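Along the sequence shown, the residues carry numbers beginning at 1. Everything quoted here is computed from the prediction, not taken from an experiment. What's counted below: heavy atoms across the whole structure, side chains too, no hydrogens, waters or symmetry copies.
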Amino acid sequence: MTALGDPIDIDDRTVLVLGRELDLAHDQPDVGNALVHRTGDTLVLVDTGVTTAFRAALRTAADRVGPWSRALVLTTHGHPDHVGNNDLADDLGVPAEHYVPARDLGQMRDPESYWVRSFERIAWAAPLPAPALAAKVVSLFEPMRPFAAATQTYEQRPLELIRIGSLRFTGWTFADGAVRVLRSQGHCAGHVIVHLGDCGVLHLSDEGNGACGAMYDADQVKIQTVLGSVARLFEEGEAAILTDGHTFALRRGAEAVSHLDGLLEQATALQAAALGLTGENGRIRPSAFTGRYAQAVADGGVGGANPNPMFTAMMALNELGELGLRPEPGEDADTPWSRPALS
């Protein structure tokens, strides 16, 4: 059993600080894991979670990997469970830089609008109207301080071609190349993953959060592509330890490859199941599809950070889109989806 803020030592310069799961029934926000690492004299924080208790745990972990005289705070994406303590960059007492993805700035500035858009798509499955539900969910993540005086976007730096083993990525390097931020953009529009060369850690953040992305700005192809690429890095020995945003453990070597392959196998199995569930004419209402899809998710042992009916419904809509179905004209969120005519 783990608790919020528990540390897992990776080496004497690297700690995974554990978050916790979402519990809407008890008004408990989820908190994404954070990595705390030192390379040379630079403290590297990958995500800052949320809640004052987690903030204190990050400070303790930072002292644990010291000494350091400068800081680099990296945000993997803009969801509130990962950004609530970002102003910590200004409170470390040393020169600091903080980077966020430009494509996630909108949701960081106005998270309610982002979640309204997500919940409007599943109005037939949500317990409250989208604006009220979004306000309730966002209110759980307080205090919310996603920006610091040091904040800038990754995209303010020149984009780099980054070679790791046989693979090519685009992204940005820091700390003389010891820290690599790689664009992935699957879980949400701006998502990045982080490779720490000094210790061989590959932090997937939320790209591994289940076999199918739930948010309206998720990209299933990008999720699957990055999972395959990261598996290759482990097979080539370019990464040694896999961490992510919501799994409270480390995976090494072959175990990491097996885990990534398992996610890809689940993704293909879910899409195959979804195809069968749409019926011969490929026309179905989202509410009817979601009930059957939820059973396929349960039968396949598919996990993720937020295993609840709303997120399953959001995944279901993304699966319908992956099959080429689109909502028919109408104002009802539960209007049937079907394949557009080819002529």
Side-chain angles (χ1 to χ4, degrees), residues 16 18-19 21-22 30-35 46-49 74-83 99-104 107-108 114 118 154 162 164 167-172 179-196 200-235 238-251 255-268 270-271 302-307 311 314-315 318-319 322:
L16 180 67
L18 302 185
E21 295 180 350
L22 178 70
D30 57 333
V31 179
N33 297 335
L35 268 176
V46 182
D47 287 341
T48 64
L74 304 172
T75 293
T76 62
H77 63 293
H79 288 168
D81 53 320
H82 293 261
V83 305
Y99 293 91
V100 302
R103 295 184 70 188
D104 285 356
Q107 62 157 301
M108 294 170 70
Y114 179 83
S118 297
Y154 295 110
I162 301 173
I164 309 177
L167 300 181
R168 276 76 169 161
F169 299 87
T170 56
W172 301 271
V179 179
R180 295 156 166 164
V181 174
L182 312 175
R183 296 198 300 171
S184 55
Q185 300 179 337
H187 177 70
C188 64
H191 202 292
V192 299
I193 62 175
V194 179
H195 182 254
L196 302 177
V201 168
L202 192 295
H203 188 65
L204 200 58
S205 193
D206 282 10
E207 295 293 19
N209 186 6
C212 177
M215 307 307 298
Y216 74 85
D217 58 342
D219 187 315
Q220 311 308 321
V221 174
K222 290 179 179 178
I223 292 172
Q224 293 162 21
T225 298
V226 76
L227 294 177
S229 296
V230 169
R232 183 69 174 271
L233 292 181
F234 278 88
E235 290 175 331
E238 299 292 343
I241 300 170
L242 181 69
T243 58
D244 63 43
H246 294 280
T247 297
F248 307 137
L250 311 178
R251 293 184 173 90
E255 181 187 4
V257 174
S258 178
H259 173 68
L260 295 165
D261 282 346
L263 288 172
L264 289 170
E265 289 164 359
Q266 287 182 345
T268 58
L270 276 179
Q271 191 162 336
V302 176
N306 300 300
F311 279 85
M314 292 158 68
M315 289 170 55
N318 286 345
E319 287 284 8
E322 286 296 293

Discussion item. Please enumerate all residues that pass salt bridge (Lys or Arg N to Asp or Glu O under 4.0 Å) together with Asp104, with sequence neighbours excluded.
Written reply: none
Worksheet item: Residues two or more places apart in sequence or in another chain: which of them pass salt bridge (Lys or Arg N to Asp or Glu O under 4.0 Å) with Arg183?
Response: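 With neighbours one apart ignored, the set is empty.
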Worksheet item: Among Thr75, Val192, Asp47, which one satisfies side chain to side chain contact (heavy atoms under 4.5 Å, CB included) with Ser205?
Response: Asp47
Response to the item:
Exactly one of Leu227, Asn209, Ile223 clears side chain to side chain contact (heavy atoms under 4.5 Å, CB included) with Leu263, and that residue is Leu227
Among residues at least two apart in sequence or on other chains, which ones pass side chain to side chain contact (heavy atoms under 4.5 Å, CB included) with [X]?
X: Arg103; answer: Gln185, Ala189, Lys222
X: Leu242; answer: Leu202, Leu204, Val230, Phe234, Arg251, Ala256, His259, Leu260
X: Ala249; answer: Thr247
X: Gln224; answer: Gln220, Leu264, Ala267

Worksheet item: Just wondering, do Val201 and Leu16 contact through their side chains at under 4.5 Å, heavy atoms?
Response: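 Not in contact.
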Item to complete: Report the residues that fulfil ring-ring contact (aromatic ring centres under 6.0 Å, His included) with Tyr154, sequence neighbours left out, ordered by chain and then residue number.
Response: Tyr99, Trp172
Worksheet entry | Under the side-chain hydrogen bond (donor to acceptor under 3.5 Å, both in side chains) test, residues paired with Ser184 that sit two or more places apart | His191, Glu207
Discussion item. Once side-chain hydrogen bond (donor to acceptor under 3.5 Å, both in side chains) is applied, do any residues pair with Asp217, and if so which ones, sequence neighbours excluded?
Written reply: Tyr114
Fill in: Residue pair His82 / Asp206, side-chain donor-acceptor N/O under 3.5 Å
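Side chains of His82 and Asp206: pair found under 3.5 Å.
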Fill in: Minimum heavy-atom distance between His203 and Gly245, given as atom pair plus value
CE1-N, 4.1 Å
